[in-house]
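The structure appears below as structure tokens.
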Amino acid sequence: MLDKTFDPKDTEGRIYAQWEASGAFKSGRRPDAEPFCIMIPPPNITGRLHIGHALNNTLQDILVRFERMRGKDVLWQVGTDHAGIATQLIVERQLAERQQSRVALGREKFLEAVWKWKDESGGAIIQQLRRLGASADWSRERFTMDEGLSRAVLKVFVELYRQGLIYKDTRLVNWDPRLQTAVSDLEVENIEVKGHLWYLKYPIENQPGRFITVATTRPETMLGDTAVAVHPDDERYKDLVGKNVMLPLAHRTIPIVADEHSDPEKGTGAVKITPGHDFNDFEVGRRHNLPLINILNKDGTLNDNVPEAYRGLSREEARKTVLADLEALELVEKIEPITHAVPHDEKTKTVVLEPFMTEQWYCNVKPLADKALKAVEDGRTTFTPENWANTYFSWLRNIQPWCISRQLWWGHQIPAWYDEEGKIYVAMSEAEAHEQAPGKTLTRDTDVLDTWFSSALWPFSTLGWPDETKELKRFYPTSVLSTAFDIIFFWVARMMMMGLHFMDDVPFHRVLIHTRVLDEQGAKMSKTKGNVIDPLELVDQFGADALRFTLASAAGLARDMRIGPSRVEPNRNFATKLWNAARFCEMNGCATRAGFDPATVTQTANKWIVAEIAQAAAEVTANIEALRFNEASATVYHFVYDVFCDWYLEIAKPIFNGADENAKAETRATAAWARDQLLKLLHPFMPFITEELWARTAEMDGAAPRTSLLIEADWPSAAASGNDAARAEMHWVIDLVKGVRSVRAEMNVPPSVKIALLLKDANDATRERLARQKEVILQLARLSSADAADVLPKGTAQFVLGEATAGLPLGDVIDFAKERTRLEKELKKAHDEIARFDAKLSNENFVARAPEEVLTEQREKRAEAAATAARLKEAVARLAE
RNA sequence: GGGCGGUUAGCUCAGUUGGUAGAGCAUGUCGUUUACACCGAUAGGGUCGGGGGUUCGAGUCCCUCACCGCCCACCA
């Protein structure tokens with residue numbers, strides 16, 4: 001006998017172990033089946049499971065379990081990311097606690113320490129995923145720095161280098177002075193801060209008493225100024241162009257140049273140019289051949305290119321000192337308080353980044369981006385929701401060279417060697433580099449690659465590339481990629497580029513961009529705010545199933561979701577409801593009957609539930625396929641409560657109590673069958689409780705205990721059961737019961753009694769009332785007079801009253817109105833299409849340039865559209881009869 | 001500056017090709033009958049942000065305004 005409630009704590013661990021032991025998660029077990037593959041976004045080894053992971057992995061697991069039950073050969077590829085900066089920071093911090101440092105330790109020892117840390121505590125998140133029920137193929141777990149993936153990274157780097165797409169360049173990068181490494185544009189977080197705009201007066205050379213005023217938010221950079229720019233059309237400064245100013249403090253003479261970059265509307269219209277420390281100024285400097293002065297050391301202090309008084313000062317100190325000195329010279333005209341965005345590091349958001357002149361490795365991603373754009377434009381990869389394709393497009397269309405080198409130690413070391421003259425040799429190994437440079441002494445580049453470089457290869461490197469493994473052949477391109485919007489640039493776009501370049505095909509057919517998870521008040525979760533919700537606490541409190549179901553049902557396409565205990569609790573209650581429905585079945589001896597054929601049932605209620613199951617299966621299937629998880633879960637939820645519990649089981653009560661033994665036996669078998677189908681439909685969402693019920697109901701049924709696991713069961717068929725008449729009849733009864741308001745007093749009883757009233761035991765008075773209600777409802781369906789206007793949906797009245805439809809049943813008339821509108825819409829679409837093709841074909845430019853086959857194709861399409869239009873027109877006419 | 005999203009019941013949100021507005025929670029009332037108080041029945045509560053348009057019919061499509069949020073860019 002089942003307990004009154006399900007206890008997740010006691011069962012989840014046991015069931016998960018059973019699944020793992022059974023090998024159910026393993027891919028490749030159905031060589032003849034259609035493959036289905038999802039690549040997990042590899043969590044950082046430094047990570048702990050947060051609610052966003054919980055959401056993303058729940059959605060992936062739903063898909064994976066669903067497709068597995070549908071019979072596909074499923075691979076959910078897992079693994080972790082080495083997370084260069086984050087990991088290096090953690091280990092450095094640990095070293096600091098023991099009074100050690102990375103630099104003192106040296107590269108080799110430090111890396112040993114990192115690997116040690118990784119082995120000891122780097123896999124926590126993978127264990128946490130198991131608690132959610134994630135059914136990934138753990139036997140294939142990979143790590144971005146394991147041997148195989150590292151080989152893929154080397155190969156990609158070497159090939160891109162040989163194709164001229166990877167190169168070294170000296171230009172401004174975003175520099176993190178604390179970590180002393182370059183970071184890519186994407187890793188810059190612009191934060192609005194309160195600051196000041198200082199107006200500095202620069203004296204004009206040979207014109208004592210005359211100044212040109214420039215405005216700046218970073219006065220300390222004036223020490224690196226090499227020009228002042230004004231707009232060529234700016235009348236105020238026209239006579240100054242070509243003259244020089246005396247740069248204060250630095251005691252240098254710098255020119256005044258005319259450049260479009262200068263905006264007369266902004267500041268004073270004159271702008272100081274610091275090519276060494278500003279991206280725009282760098283361009284201006286290039287245009288005017290200005291010298292570039294780097295005034296910073298790698299740690300952000302001022303270097304020897306500034307006057308002695310400022311050398312060694314931090315940026316903050318330098319700003320104060322420079323301003324004080326300028327004040328003393330009365331060269332500060334005014335100070336305005338402003339709020340402006342300042343670039344910060346994305347990890348801690350505490351370090352101000354500096355544009356800094358260094359030599360770095362770059363990847364020219366432009367040619368790769370073009371292919372990635374085309375693949376989405378062509379629909380070879382689609383986004384859900386579609387809007388995100390725009391985000392993807394806009395970034396790729398304006399893509400900049402990707403700075404791929406990082407001055408860190410933890411990561412894939414760049415496979416480039418230098419000889420004494422500094423000549424570069426890029427090779428798969430040191431030995432190979434030596435072959436290229438016989439007899440030379442080679443030293444390896446000390447930099448490592450951006451972490452996202454290896455992530456970009458994930459969809460094929462995890463499958464064994466560059467080897468041509470059977471997994472690569474079978475599972476690439478993968479089916480669905482699920483992720484949050486914030487890594488479309490970092491990851492999705494780069495996987496597209498690398499996949500298309502090296503595999504000559506998209507890495508995945510569909511991209512699911514899910515919403516973000518907020519706390520119960522709708523605030524973004526953050527450690528500093530202390531409102532972070534630990535998904536595992538919710539699992540402890542309500543069970544993994546309840547959390548999963550909550551996440552799935554909140555996974556709409558647009559709005560951010562809010563999650564917290566008050567949202568999860570109702571779904572724990574839902575699990576209990578399901579549990580008790582099964583308990584009810586048990587109490588009434590509903591046993592799964594071997595060979596039960598739902599098509600053979602005879603009782604109206606049983607025929608009805610068979611039809612409803614098919615309907616629910618169809619809806620759940622369609623919704624999961626369309627990645628509408630909220631709809632899919634709502635369908636099952638509604639089915640369990642409103643169809644199965646409230647009506648079917650209630651209707652079953654009088655049958656179980658009655659004397660008709662045949663009906664009883666059939667209903668027991670049907671109830672057990674329906675319950676089993678329900679468990680299957682719900683399994684992707686709530687795997688634990690359904691698996692447990694699957695096992696427990698087999699036990700209690702006594703006959704032929706099930707040996708199979710639910711996870712391996714077949715997905716319910718959505719095929720129509722042919723019981724539509726029974727379905728309609730039951731709907732009629734249900735609507736009637738719901739609709740009988742006038743007998744509310746008598747009807748304020750459970751559905752079982754209502755049904756009994758309707759079907760059997762009603763007293764005469766009630767029967768009479770019910771009969772009257774029935775009559776009213778039946779009459780409604782025959783309305784054809786002016787009364788219709790009051791009762792009918794607005795607008796349909798016209799059709800009802802029109803001569804063509806007079807006297808026809810209401811339902812038919814509404815159907816007619818719907819059908820006509822649909823056809824007219826389609827007709828309009830067809831006409832629009834014709835117009836489009838006509839416009840195109842009459843465009844001289846197009847006709848002149850397009851090759852003949854394109855023209856033919858357009859003409860054919862035009863003819864097709866015209867044919868469709870004609871067909872629709874005829875359909876409309878036919879309908880009117 | 002460019003783009004995207006949101007605005008629906010007291011609260012949090014669904015609402016897939018336009019067809020008589022839904023759920024959970026909260027609230028009121030009644031109830032404990034073969035599962036379920038982590039329960040059941042039932043009720044109240046919405047001019048779907050404002051305005052305009054298309055349509056027989058608009059939460060849904062178009063235009064416009066307002067407010068909120070996010071992304072990108074700029075940031076003298």
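On a predicted model such as this, the values are computed, not experimentally measured, just so you know. In the text below, chain A, chain B and the rest are named by the order of the sequence lines, each starting its count at 1. Side-chain atoms are counted along with the backbone in the values below, which use heavy atoms only and exclude waters and symmetry mates.
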Q. Any side-chain N or O of Asn630(A) under 4.0 Å from OP1/OP2 of G15(B)?
A. yes
Q: Side chain of Glu650(A) only, please: which of A76(B), C36(B), C72(B) is the nearest?
A: C36(B)
Q.
For the C1' atoms, the ones on C4(B) and on A23(B), what distance do you get once it is rounded to whole angstrom?
A. 28 Å
Q. For C25(B), which nucleotide in any strand shown is its Watson-Crick or wobble partner with both distances under 3.5 Å?
A. G10(B)
Q. Of the nucleotides G15(B), C38(B), G40(B), which has the atom closest to the Glu631(A) side chain?
A. G15(B)
Q.
Under a plain distance cut-off of 3.5 Å, with no hydrogens placed, do Asn571(A) and Thr550(A) share a side-chain donor-acceptor pair?
A. yes
Q. Which nucleotide, C72(B), G24(B), C74(B), lies nearest any side-chain atom of Ala341(A)?
A. C74(B)
Q: Please measure how far the C1' atom in G18(B) lies from the corresponding atom in G1(B), and state the result in whole Å.
A: 36 Å
Q: Determine, for Trp579(A) and Arg696(A), whether the Lys NZ or Arg CZ falls below 6.0 Å from the six-membered ring centre while staying within 45 degrees of the axis.
A: no
Q) Hey, which of Phe574(A), Phe688(A), Phe629(A) is the one that makes ring-ring contact (aromatic ring centres under 6.0 Å, His included) with Phe549(A)? A) Phe574(A)
Q) Which one, C36(B), C13(B), C71(B), comes nearest to the side chain of Phe485(A)? A) C71(B)
(Q) Could you check whether Phe211(A) and Tyr202(A) have their ring centres less than 6.0 Å apart? (A) no
Q | Which residue lies more 5' along RNA chain B, comparing Asn588(A) with Tyr641(A) via nearest heavy atoms | A | Asn588(A)
Q: Determine the Euclidean distance between corresponding P atoms of C68(B) and G10(B); express it in Å to zero decimal places.
A: 22 Å
Q.
Between P on C36(B) and CH2 on Trp647(A), what's the gap in Å once rounded to a whole number?
A. 20 Å
Q. Quick one: the side chain of Lys577(A) and the base of C36(B), do they pair up donor-acceptor inside 3.5 Å?
A. yes
**Q.** Whole angstrom value for the distance that separates P of C4(B) from CZ of Phe393(A)
**A.** 13 Å
Q) Distance between the C1' atoms of A35(B) and C56(B), in whole angstroms? A) 50 Å
Q. Looking only at atom C1', what distance separates A76(B) and U8(B), rounded to whole Å?
A. 47 Å
Q.
Side-chain N or O of Thr217(A) versus OP1/OP2 of A76(B): is the shortest distance under 4.0 Å?
A. yes
Q) Between A35(B), A76(B), G24(B), which nucleotide gets closest to the side-chain atoms of His340(A)? A) A76(B)
Q: Pick the P atom in C30(B) and in U16(B), then give their distance to the nearest Å.
A: 39 Å
Q. Distance check: side-chain N/O of Arg218(A) vs OP1/OP2 of A76(B), anything under 4.0 Å?
A. no
Q) Picking from U16(B), A35(B), A41(B), which would you name as closest to the side chain of Asn623(A)? A) U16(B)
**Q.** Spacing of the C1' atoms in G6(B) and G15(B) (rounded, Å)
**A.** 15 Å
Q.
Need the pair for C4(B). Rule: Watson-Crick or G-U wobble, both distances under 3.5 Å, any strand; none if unpaired.
A. G69(B)
(Q) Quick check on RNA chain B: between Asn387(A) and Val214(A), whose nearest nucleotide comes earlier from the 5' end? (A) Asn387(A)
Q. What orientation do Tyr641(A) and Tyr637(A) show, parallel under 30°, tilted 30 to 60°, or perpendicular over 60°?
A. tilted
**Q.** Residue pair Lys9(A), Asp7(A): steps toward the salt bridge (charged side-chain N to carboxylate O under 4.0 Å, His left out) verdict
**A.** CA-CA 6 Å; Lys9(A) 274 207 185 78; Asp7(A) 184 359; over 6 Å; no
Q: Look at Asn398(A) and C72(B) and indicate whether a side-chain polar atom (N or O) is within less than 4.0 Å of OP1 or OP2.
A: no
**Q.** Base C36(B) to side chain Arg583(A), donor-acceptor N/O within 3.5 Å cut-off
**A.** no
Q) Tyr637(A) near the nucleic acid: base, sugar-phosphate alone, or nothing, with a heavy-atom cut-off under 4.0 Å? A) sugar-phosphate
Q) Given the C1' atoms of G57(B) and U20(B), what is the spacing between them in whole Å? A) 11 Å
